[in-house]
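In what follows, a single structure is set out as structure tokens and then discussed.
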Amino acid sequence: MCTRFTVTVAALLLAACGKEEVTEAPKEAVKPTVPRIASVDLDPVRFDLAPENWGLDFVHVNGADGRKLLPETMGGGVAVFDYDSDGDWDVYFTNARPWEEDEDLSVGRLYAWEDGRFQDVTAEAGLELPELETIGQGVCAADYDGDGDVDLFVTCLGPNQLLRNDGGRFVNVAQEAGVAGSSWQNEAGEEQAEWSTSATFADFDGDGHLDLFVCNYLEWSLENNVDFTLKGDVKGYASPKLYRGSTCRLYRNAGDGTFEDVTTSSGIESEHHKALGVSVADMNGDGQLDFAVANDTQPNGLFLNEGGMKFRDIAVQAGVGYGTDGAVRAGMGIDIGFYAQPDELAIAVGNFSMEPISFFRSKPGGRRLVFSDDNVTTGLGRSSGPSLTFATGFFDANLDGLLDLVAINGHLDPDIELVTSSTSYLQKPQLFVNTGQRGKFADQSASAGEAFQQARVGRGLAFGDLDGDGDLDAITTECGGPAQVWVNQNPTGRKSLRIALQGKAPNTQAIGAKVVVTGGPFPQTAWTRTGQAYLSQHEPVLTFGLGDATEANVTVTWPDGQTSEHPALTVGSPHRLQQP
């Protein structure tokens, strides 16, 4: 049975922003021990829309039919990867479907780069799977079975899909592999499918096999959808506060094509998760992969890897659980990067409108991880506040050696402007360029090219050097609208240092390897990762800007702990490094 609510503007905004329990974050602060980098002039940045979208004709279907059902607001995701091992980047989009109509829509579409354009190869790749009544959400790509080709994991409202790549054709093996997901019971005792969102592959226990972490969102079904009134007789989307959360899940790769659900034994299980984004990194430098989770109207998670597939959530103690006012935020997408100093880690989380991007910056030099939300001091607070940000992504837009930040924005409700003038349904993306001045960003969106001038209902984001010129382009998705290809025109003309890693089976892509580059403004660190931004995944090659330098030294710490040194690598063509 549906429940009906009538709200004022103030009540709507408070509910959507998640004003729940208040817990103070730790006040500890540690003075940085590394000198600040020198200031630099802002370079021009320009992203144009690709001519004819380079053949990408994908249009997301959200299934909206006027009933304002919450899942139709959330998708979709995009992944850049090489499905046919031909050296070109291919693209997979997740898709939803109409709620009631019997249409043959698969949960995603696959496009391959052929003859200078993207071609739809969904059917020939075996990915038209309409028999599964699921709604596609997110995607991540990795060679989970160690056979040398890249597989896909697609999260859904309904059974998730593990699409094993068998020489360029995909087979859904989620059920037999044990990763289709679980269920929850409604008040009538009926089993309902979990709602999964973002996901990531990583070797969390160090055995060489890629494990799988899956974000789960809410206990939602058609039967328990909350009937919400926006204004008068205009329906709205109910706040996630009105639904119970659904625990995230962690699956250990058994090495035989199957996974074991270790959610409970690992310490991950919690009824308070409302997870939409996940990002992996070695947070404390102990050689084990940790991860941060963006939760919607619940405290964010920061899971430290304690070995033996055991994790401890230290988000509240570390200062990343709540906003600066001690209240929860409506977290969406998330990314992690060393952005301003060699030992200064930053976690960027996209939030609801009237909630600026959370920018949790670590305090170097302490004996434990401590962060503060520095969205105001970094210059993000004022510019990002009105937007509803889904995807966040660190990358070096102008190749000056400093990580910049992109935000993909768009509201949930087409009728939001009936109740407030402070935000809009269609929203422009934003580009925050790292100034090099004490870690501050400048909103350079207005001068960043036509890609940043179009208001859309933005959701997913995937970076990749799509045209092979060494800088990072992007593909973005729109909920209920067409995907876009953004071409980085790189007005500075700088070259990049691009690193492609080849690991040993079963981790053939060296997922989780740490790469340190010295030779630019300061030492840069990155990991090969899957599942990034929001519901999406970037290309697996790592791109480093070096400013005016033309070469750099590279140190790789491989997933097995071995290190290799690669001195004086030059900018230009990608360097393909093989695990010793």
Side-chain angles (χ1 to χ4, degrees), residues 21 23-30 197-207 209-217 245-253 259-323 326 328-329 331 334-336 338 343 345-349 358 360-373 511-512 514 527 529 531 559 561:
E21 56 192 312
T23 301
E24 290 291 334
K27 302 296 185 183
E28 178 178 344
V30 179
T197 53
S198 295
T200 186
F201 284 104
D203 181 10
F204 290 116
D205 57 0
D207 66 354
H209 298 283
L210 294 180
D211 311 303
L212 176 64
F213 178 84
V214 181
C215 293
N216 280 335
Y217 189 33
S246 179
T247 185
C248 298
R249 298 209 171 271
L250 180 61
Y251 300 95
R252 187 187 69 83
N253 191 330
F259 291 77
E260 175 191 3
D261 188 337
V262 294
T263 303
T264 302
S265 62
S266 65
I268 296 298
E269 187 171 29
S270 172
E271 62 182 12
H272 300 299
H273 292 160
K274 294 182 180 178
L276 290 174
V278 59
S279 189
V280 173
D282 179 4
M283 303 280 189
N284 55 3
D286 66 354
Q288 300 182 109
L289 294 176
D290 316 298
F291 57 94
V293 173
N295 282 318
D296 189 357
T297 70
Q298 290 289 340
N300 297 318
L302 181 57
F303 292 91
L304 279 191
N305 191 335
E306 299 188 313
M309 215 58 159
K310 304 288 185 182
F311 292 84
R312 179 167 53 96
D313 186 359
I314 65 164
V316 173
Q317 304 95 297
V320 303
Y322 299 87
V328 291
R329 297 288 188 239
I334 187 170
D335 200 7
I336 299 173
F338 286 98
D343 58 350
L345 197 65
I347 304 173
V349 182
S358 294
F360 300 108
R361 188 160 58 172
S362 70
K363 303 302 177 184
R367 291 185 297 176
R368 64 186 182 91
L369 282 174
V370 178
F371 294 80
S372 62
D373 188 352
I511 301 300
K514 178 182 178 181
W527 295 266
R529 298 182 292 183

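Shown here are the side-chain hydrogen bond (donor to acceptor under 3.5 Å, both in side chains) partners of Ser266, two or more places apart in sequence or in another chain: there are none. Under the side-chain hydrogen bond (donor to acceptor under 3.5 Å, both in side chains) criterion, Ser279 pairs with Arg529, not counting sequence neighbours. Residues meeting the salt bridge (Lys or Arg N to Asp or Glu O under 4.0 Å) test with Glu271, sequence neighbours left out: none. For the side-chain hydrogen bond (donor to acceptor under 3.5 Å, both in side chains) test, no residue two or more places apart in sequence or in another chain qualifies with Tyr251. In this view, Asn216 and Glu194, Ser196 satisfy the side-chain hydrogen bond (donor to acceptor under 3.5 Å, both in side chains) rule, not counting sequence neighbours. Listed by chain and residue number, Arg249 satisfy the salt bridge (Lys or Arg N to Asp or Glu O under 4.0 Å) test with Asp261 (two or more places apart in sequence, or in another chain).
Note that CD of Glu306 is 4.5 Å distant from CZ of Arg312, once rounded to the nearest 0.5 Å. Annotation: the span from Lys274 atom NZ to Thr297 atom OG1 amounts to 3.5 Å, rounded to 0.5 Å. The CG atom of Leu369 sits 13.0 Å away from atom NZ of Lys363, with the distance rounded to the nearest 0.5 Å.
Asp313 places a side-chain N or O within 3.5 Å of a backbone atom of Leu302 that can act as its donor or acceptor partner. At least one donor-acceptor pair closer than 3.5 Å links the side chain of Thr197 to the backbone N or O of Ala275. The closest donor-acceptor contact from the side chain of Asn305 to the backbone of Phe311 lies at 3.5 Å or more, if one exists at all. A donor-acceptor pair under 3.5 Å is absent between the side-chain atoms of Asp205 and the main chain of Met309, judged by distance alone. Under the 3.5 Å distance criterion, the side-chain polar atoms of Asp282 are matched with a main-chain donor or acceptor of Gly287. Distance alone, capped at 3.5 Å, is enough to place a donor-acceptor pair between the Thr263 side chain and the Leu250 backbone. A donor-acceptor pair under 3.5 Å links the side-chain atoms of Lys310 to the main chain of Ser265, judged by distance alone. Judged purely by atom type and a 3.5 angstrom limit, Asn253 uses its side chain to pair as donor or acceptor with the backbone of Leu210. Ser198 contributes a side-chain N or O that, together with a main-chain N or O of Leu276, makes up a donor-acceptor pair within less than 3.5 Å.
The shortest non-hydrogen separation linking Phe360 to Phe371 is O-CD2, 3.6 Å. Listed here is the closest heavy atom pair of Ala202 and Ile511: CA-CG2, 4.4 Å. Residues Arg329 and Ser358 approach most closely at CG-OG, 4.1 Å, considering heavy atoms. The minimum heavy-atom distance linking Trp527 with Gly512 is given by the pair CD1-O, 3.8 Å.
Between Asp290 and Val280, the closest side-chain pair of non-hydrogen atoms is not below 4.5 Å. Taking the side chain as every heavy atom from C-beta outward, His272 and Asn295 never approach each other to under 4.5 Å.
Not less than 6.0 angstrom separates the ring centroid of Phe204 from the ring centroid of Phe213.
With Ile347 as the fixed residue, the side-chain contact (heavy atoms from CB on, under 4.5 Å) test singles out one of Asp373, Ile336, Asn300: Ile336. Results of the side-chain contact (heavy atoms from CB on, under 4.5 Å) test with Cys215 over Val278, Thr200, Thr247 single out Val278 as the only residue that passes.
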